[in-house]
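The block underneath contains the structure these notes are about, expressed in structure tokens.
Remember, it's 1-based here, ligands and their atoms both numbered in the order they're listed. All values derive from a computational prediction rather than experimental measurement.
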Amino acid sequence: MNYTVQQIAAITNAQVIGDGDLMIKNIAFDSRIIYSTKNTAFIAINTHKNSGEKFIESAIDRGIQVIISEHQYPQFENITWIIVENSVDFLQKLAKYHFEHSHLQSIGITGSNGKTILKEWLYQCLWNEFPTVKSPKSFNSQIGLPLSLLQINTSHTLGIFEVGISQPDEMENLENIFHPQIGLLTHIGTAHAANFSSEEELIDEKIKLFKDSQVIIYNGDHSLVSKKIKDLYSDKKLISYGLKKENQVFIKNNISKGENIVVEYFGQEISFPAHQRDEATLTNALALITVLKELHIENQKIVEKINTLKAVEMRLEAIEGIKGNIVINDSFNLDLDSLKTALQFLKEYNKPKKSLVLTDIVGVNTNSQELYEEVSELVNEQHFDSVFLIGDEISKFSELFKSKTYTFIDTKELIESKHLTELENQIILLKGARKFEIERLKDILELRKHDTVLEINLNAILHNINYHKSLLKPGTKMMAMVKANAYGLGSYEISEFLQHHHIDYLGVAFADEGAELRKKGITTPIVVMNPEQHSYQTIIDYNLEPEIYSFRVLDLFYEAVQKSGYDQKYPIHIKLETGMHRLGFKDFELDQLSETLDHKNLKVQSMFSHLSSSDVPEEKEFTLNQLETFEKNSSYLIEKLGYTPIRHILNSSGITSYTNYQYNMVRIGIGMLGESPSSEIQKQLQSVVSFKTVISQISLVENGESVGYSRKYKTDHQTRIATIPVGYADGIPRLIGNQIGKLGVHKTLAPIVGNICMDMMMLNVDNIPNVKEGDTVTIFNAYPSLKEFAAYCKTITYEVLTSISPRVKRIYIKD
Ligand SMILES: *Cc1c(COP(=O)(O)O)cnc(C)c1O
């Protein structure tokens with residue numbers, strides 16, 4: 001969206017206090033995840049459970065200047081207020097207006113199960129056919145849907161939105177805001193049915209979404225759904241899909257044989273290989289095909305797209321477990337239908353023994369005796385060897401289950417019982433309502449493919465960025481440095497996360513790094529710090545912005561711009577030399593620089609310099625000198641240029657130690673990874689990177705024996721030595737062998753003994769009681785910390801991170 005405060009107020013009948021001309025492009029509703037404050041308004045959403053107004057202060061602290069709220073709080077100065085009667089109504093009115101004035105083709109998905117999967121699948125198939133916008137995550141409610149619709153911008157031509165209801169009469173309201181041209185109805189079942197008196201009432205409510213649709217694509221396996229749709233919408237184009245052959249789109253052949261699935265679509269056959277053949281997946285595939293056909297995608301392309309679909313990670317993941325087990329994890333939601341689906345999914349696997357973990361079913365409005373009778377019947381049909389029931393409710397009915405049955409109050413009690421870790425060579429189904437957090441069982445049962453991992457906590461990155469932002473003035477922009485593969489952590493994954501949180505700029509070292517990000521879909525402006533002379537064409541092709549540090553680079557780059565036929569002012573970033581003596585224009589070059597720029601069709605987007613010693617308190621005087629030179633030279637250049645580009649000079653430790661020199665932007669690097677030279681600030685930051693592995697073997701080495709190459713370590717008594725599968729080829733410097741470096745085992749530091757090998761090293765674990773093979777070893781995270789580890793290596797944290805070999809698996813964690 002793109003409206004002024006005044007326009008928003010006019011659309012929604014709200015009252016403006018403050019600057020009505022401010023432009024708003026985003027509405028933030030969660031003060032913890034505000035990232036960019038530019039053109040962003042914060043809405044304090046009041047629901048019957050919660051008042052968003054208590055977060056206004058924290059939004060303002062983060063630099064938000066426009067607040068949408070039911071009340072004004074005059075203690076906050078210089079804030080523009082949009083005062084609304086009801087925050088939820090406001091959001092819906094604005095979304096309705098915005099949707100109705102967009103020119104999208106729209107798909108609306110509703111139903112009980114499968115909405116999010118279908119939305120994600122459709123998006124995966126369609127984003128490169130049409131500029132497409134979709135609901136984030138499963139934003140589908142009275143608040144989620146409007147927020148999703150507000151993401152539509154003028155470039156989009158297709159929108160895919162989920163619509164979910166859990167109460168009678170909710171759909172009418174949502175349909176008033178959003179009336180999709182193509183309506184898609186997925187499976188109707190018992191999810192969210194608790195508040196409806198009958199299934200019929202639930203169906204009636206859901207299908208109200210299609211009141212103004214031109215086409216309705218629906219799962220026709222449910223006879224009541226089929227009848228209702230035909231009765232109510234006989235004037236529309238109706239297409240039914242499903243496993244039953246009466247549907248217009250169905251599967252022709254026998255799905256239980258291994259051959260390709262053949263779909264019949266109005267006399268055409270579409271055939272594709274399928275790995276997952278449970279009913280829910282195949283039914284979703286039918287829905288997908290029907291929508292793609294409706295959008296005129298050719299059959300061959302449809303098959304190609306189906307083959308590359310990624311599993312939507314929410315339910316029914318099958319994982320290799322410890323002790324030869326297979327773990328089916330479906331901890332996303334629990335109702336009778338999803339239980340049936342999961343039980344059906346089990347049949348795909350050939351294991352003689354099966355176990356089930358099942359929790360209370362929450363939020364279903366039937367009599368529990370009846371409910372659990374039905375559950376136990378379904379379960380008994382499967383002949384599980386053991387059944388583990390978690391929760392008070394379900395435990396009351398344990399006699400209904402015919403297998404060996406155990407009951408637990410909560411997940412923790414089951415974990416502590418150790419029953420699960422005794423299971424061997426079984427298929428284990430984990431099926432639980434979300435509140436029981438049974439995904440914790442998955443962690444225990446999962447066989448980790450990679451013993452050695454670099455775990456990167458994205459939430460901690462966000463925390464660290466927000467901490468640095470909290471020191472800055474509202475509105476100061478931030479560039480995140482993602483050069484050198486984002487300090488070794490993975491430039492795409494980190495950039496994607498930062499982009500999602502609206503970082504203003506990304507900084508890379510070389511053009512190739514920027515091109516790689518663009519190819520993977522990063523659209524945030526990217527500055528190339530080291531534009532090599534052979535890379536100018538790449539820079540222009542991928543819409544990257546070069547650092548210009550000398551006349552030679554300026555002339556060559558300009559030549560490339562002209563050759564490429566680029567006819568607008570190309571954005572560049574001028575680097576000024578202020579004392580680092582690396583790259584940059586010097587004082588005596590400024591006149592010539594401004595003259596040269598005068599003649600060229602280039603736009604100085606920013607001017608910047610770099611501090612050599614912001615992290616060295618003893619060099620404060622030198623740093624202040626650099627800052628003064630920057631102030632003087634950049635002001636001089638601005639005067640000559642006649643316009644004012646962004647200025648920036650602070651890196652992470654600059655932000656914390658020289659905050660007053662933030663100008664309009666700062667460049668964060670190591671600080672977002674949770675490292676600061678100041679111990680005070682270090683306490684405020686969260687550790688992002690955890691490098692860990694597991695013990696491969698423990699040996700009892702006799703007195704006087706030696707360990708490792710060249711016999712550099714000799715025991716002086718019988719000693720327990722642990723071998724771990726990490727060596728100098730993984731980026732551990734060989735110089736920390738021979739008891740210089742120590743690694744964390746059971747919260748104790750164990751010295752590395754002997755020489756480090758290429759792929760392994762040995763630790764003395766003699767003083768660690770109960771240590772055993774398979775235990776985790778922390779190379780660094782908290783104990784030792786990254787900083788301590790860097791000290792063993794006689795280097796800085798930056799070099800430690802960028803030296804970790806690409807063969808170490810990077811794993812990203814976020815909520
Ligand atoms: C790498 C880099 C930064 C970030 O430095 P940190 O010390 O990691 O914050 C900032 N500016 C420039 C020009 C850089 O190259």
Close N or O approach (Y798, ligand 1; < 3.5 Å): yes

Shortest protein contact, atom 11 (N) of ligand 1 (heavy atom only): R667 NE, 2.7 Å

Close N or O approach (N651, ligand 1; < 3.5 Å): yes

Enumerated ligand 1 atoms positioned under 4.0 Å from heavy atoms of I670: 6 (P), 8 (O), 9 (O)

Ligand 1 N/O within reach of G671 N/O, cut-off under 3.5 Å: no

From the candidates K483, K575, M481, the one that places a heavy atom nearest atom 15 (O) of ligand 1: K483

H468 and S652 side chains, donor-acceptor separation under 3.5 Å: no

Contact atoms of ligand 1, heavy-atom distance to Y487 under 4.0 Å: 1 (C), 4 (C), 5 (O), 6 (P), 8 (O)

Heavy atom of the protein closest to atom 9 (O) of ligand 1 (residue, atom name, distance): S652 OG, 2.4 Å

Side-chain donor-acceptor pair present, N26, N39, cut-off under 3.5 Å: no

Carboxylate-amine/guanidinium proximity below 4.0 Å for K692 and E455: yes

Worked verdict on R647 versus E631 for salt bridge (charged side-chain N to carboxylate O under 4.0 Å, His left out): CA-CA 9 Å; R647 285 193 281 182; E631 168 60 32; 3.8 Å; yes

Check ion pair K519-D512 (N to O, under 4.0 angstrom): no

Parallel, tilted or perpendicular: ring planes of F780 versus F789, cut at 30 and 60 degrees: tilted

